**Q** 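The following block contains the structure, expressed as structure tokens.
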There are 2 protein chains.
Amino acid sequence: MRSYGQYCAVARALDVVGDRWSLLVVRELLMRGACRYTDLRHGLPGIATNLLADRLRDLEGGGIVTRVDAPPPIATTLYELTPRGSELAPVLDALGIWGAELMAQPQGTDEFRSHWLAFPLGRLTDSAPDLPPITIQVRTGDQPMIVETVDGRVRARPGTVEHPDAALAGPPGTVVAFLRGRLDLAGAKRRGLRFEGNKAVITRLQPARSLNR
Amino acid sequence: MRSYGQYCAVARALDVVGDRWSLLVVRELLMRGACRYTDLRHGLPGIATNLLADRLRDLEGGGIVTRVDAPPPIATTLYELTPRGSELAPVLDALGIWGAELMAQPQGTDEFRSHWLAFPLGRLTDSAPDLPPITIQVRTGDQPMIVETVDGRVRARPGTVEHPDAALAGPPGTVVAFLRGRLDLAGAKRRGLRFEGNKAVITRLQPARSLNR
DNA sequence: CAGCATCCGCTTTGATACTG
DNA sequence: CAGTATCAAAGCGGATGCTG
């Protein structure tokens, strides 16, 4: 990216990560950890392959990403955030919180990937952390996800589980709105939610306090 | 900006403010409040005038900026953030904190505007808020600034004051590093700082705790 | 002068095809 | 799988011109 040429912290930050797609590459690596090139392409629907290669080079040059040659059985290069790259998490968080308002507009033709759930759901907390942890099976998007509470926090990770406390499926917007408490069960079902299991565990999930300023 | 077409809060946010210059326009309006077109141009050195007009249209369409027809004596249109636009402050904060690391590299040919001081200095707090407030006259960049403590917080605003507790001048990087406690007086003087007044008041300025995550 | 709009050369992006 | 190559279209930067 062409530098803004301004002696200002915001402008200098954007000199490094202000290019189109750059912050979304960081999003992928933050949410999924080390990724192969193909994984990144899959998590960034719409990106041209040459642009992904360009951005990875740029981000590597900017000290955000490192290339790791993974030994067998992976036997390919992995891309991973550097510590400096991981420090972008608050930027992505702030953008995600601001952009959450825009998720009310329906999905339309937008692409969706299940692992993107980690962002909105990671803002939730378990209001009863002393009770046994919750495990919820969520099926929306390209792969099944497990949403679970750990030490009062909520995590989402790919996978399936034998006997979840609840199992959800349906359109991503409905699933997220329901888990975040923005839709009650009846309203969510009207918007396509399929629900099985213990309704009470959902109410344990509560939005985290907002970022300070 | 062309939409990323992803049902993800970060991508949707970037659909609105991810264009080149967009977040810097927001920076200007956040730091200076309502601005005339010409003020924005001055605060955004390097922007092409048609691009500024474009961005203002885009941001208006995105609900970030409003156009206000100010009555005489101003008698021109002012641009101002909407409440929704002001909610971008945490995003700019996070970017500014991340980008602060990049300010160690010297200014070089980068442009500088005095009002950009509000960002790095706004992260400082007054460690002795019960003592009388501090007033510091700072001369660096295009206009004199007053740095003062109000209720334990530090503010920077344009202006001059009769009898400040201290008066500083020199290159912007040196002034900021000194005020943030990253350079001591001797080191700062070696890097071009000119200082008059009470050295003790500077030590009352302390970095705020970082954003939570 | 403030507030744009137009034009033009250049760079970046996006889509597709191709290669080790 | 992990990219590179190619090319048309869009976006950007700079200069300049127009209007109240």
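Since this is a predicted model, take the numbers as computed values, not measurements.
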**Q** Side-chain donor-acceptor pair under 3.5 Å between B:T49 and B:Y37, yes or no?
**A** yes

**Q** Should A:T38 be listed as having a side-chain N or O under 4.0 Å from OP1 or OP2 of D:dA2?
**A** yes

**Q** Rounded to the Å, how far apart are A:R57 CZ and D:dA5 C1'?
**A** 12 Å

**Q** Can you pull every protein N or O that's under 3.5 Å from an N or O on nucleotides 16-18 of chain D?
**A**
none

**Q** Between B:I64 and B:V25, is any pair of side-chain heavy atoms under 4.5 Å apart?
**A** no

**Q** Would you say the side-chain atoms of A:S114 pair up with the backbone N or O of A:D142, donor to acceptor, closer than 3.5 Å?
**A**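 Judged by distance alone, yes, a pair lies under 3.5 Å.
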
**Q** Nearest-Å distance, CG (B:D69) to C1' (C:dG3)?
**A**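 These atoms are roughly 12 Å apart.
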
**Q** Working to the nearest 0.5 angstrom, can you tell me the gap between B:L24 CG and B:I47 CD1?
**A**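 Separation between the atoms: 8.0 Å.
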
**Q** Quick check on C:dC1: is either OP1 or OP2 less than 4.0 Å from any side-chain nitrogen or oxygen of B:R41?
**A** no

**Q** Between P on C:dC4 and CG on B:L78, what's the gap in Å once rounded to a whole number?
**A**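 It is 12 Å, rounded to the nearest whole Å.
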
**Q** How many Å lie between CG on B:L24 and P on D:dG13, as a whole number?
**A** 11 Å

**Q** Starting at the 5' end of DNA chain D and moving along, which residue's nearest nucleotide shows up first, A:Y79 or B:I47?
**A** A:Y79

**Q** Would you mind telling me which residue lines up with the more 5' stretch of DNA chain C, B:D39 or A:A48, judged by nearest nucleotide?
**A**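 First, find each residue's nearest nucleotide; the 5'-ward one identifies B:D39.
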
**Q** Can you classify the ring geometry of A:F195 versus A:F178 as parallel (below 30°), tilted (30 to 60°) or perpendicular (above 60°)?
**A** perpendicular

**Q** At under 4.0 Å between heavy atoms, how does the protein contact nucleotides 7-12 of chain D? Give one character per nucleotide, 5' to 3', with B, S or -.
**A** -----S

**Q** Taking 4.0 angstrom as the limit, do A:E87 and A:R84 come out as a salt bridge?
**A**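 Salt bridge: yes.
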
**Q** Quick one: label B:A53 by what it contacts on the DNA or RNA (base, sugar-phosphate, nothing), any heavy atom closer than 4.0 Å.
**A**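 Contact class for B:A53: sugar-phosphate only.
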
**Q** Rounded to the nearest angstrom, tell me the gap between atom OH in A:Y37 and atom C1' in C:dT19.
**A** 13 Å

**Q** Heavy-atom distance under 4.5 Å between the side chains of B:P133 and B:V150, does that happen here?
**A** no

**Q** At under 4.0 Å, does any side-chain N or O of B:T77 touch on OP1 or OP2 of C:dA2?
**A**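 No, outside the criterion.
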
**Q** Between B:D15 and B:R12, does any side-chain N to carboxylate O distance fall below 4.0 Å?
**A** no

**Q** Identify whether NZ of Lys or CZ of Arg in A:R20 sits under 6.0 Å from the centre of the six-membered ring of B:Y4 and within 45° of that ring's axis.
**A**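 Here A:R20 passes the 6.0 Å and 45° test against B:Y4.
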
**Q** For the pair made of CG in B:L52 and C1' in C:dC4, what is the distance, rounded to whole Å?
**A** 10 Å

**Q** Out of C:dA2, D:dG3, D:dG14, which has the shortest distance to the side chain of A:R67?
**A** D:dG3

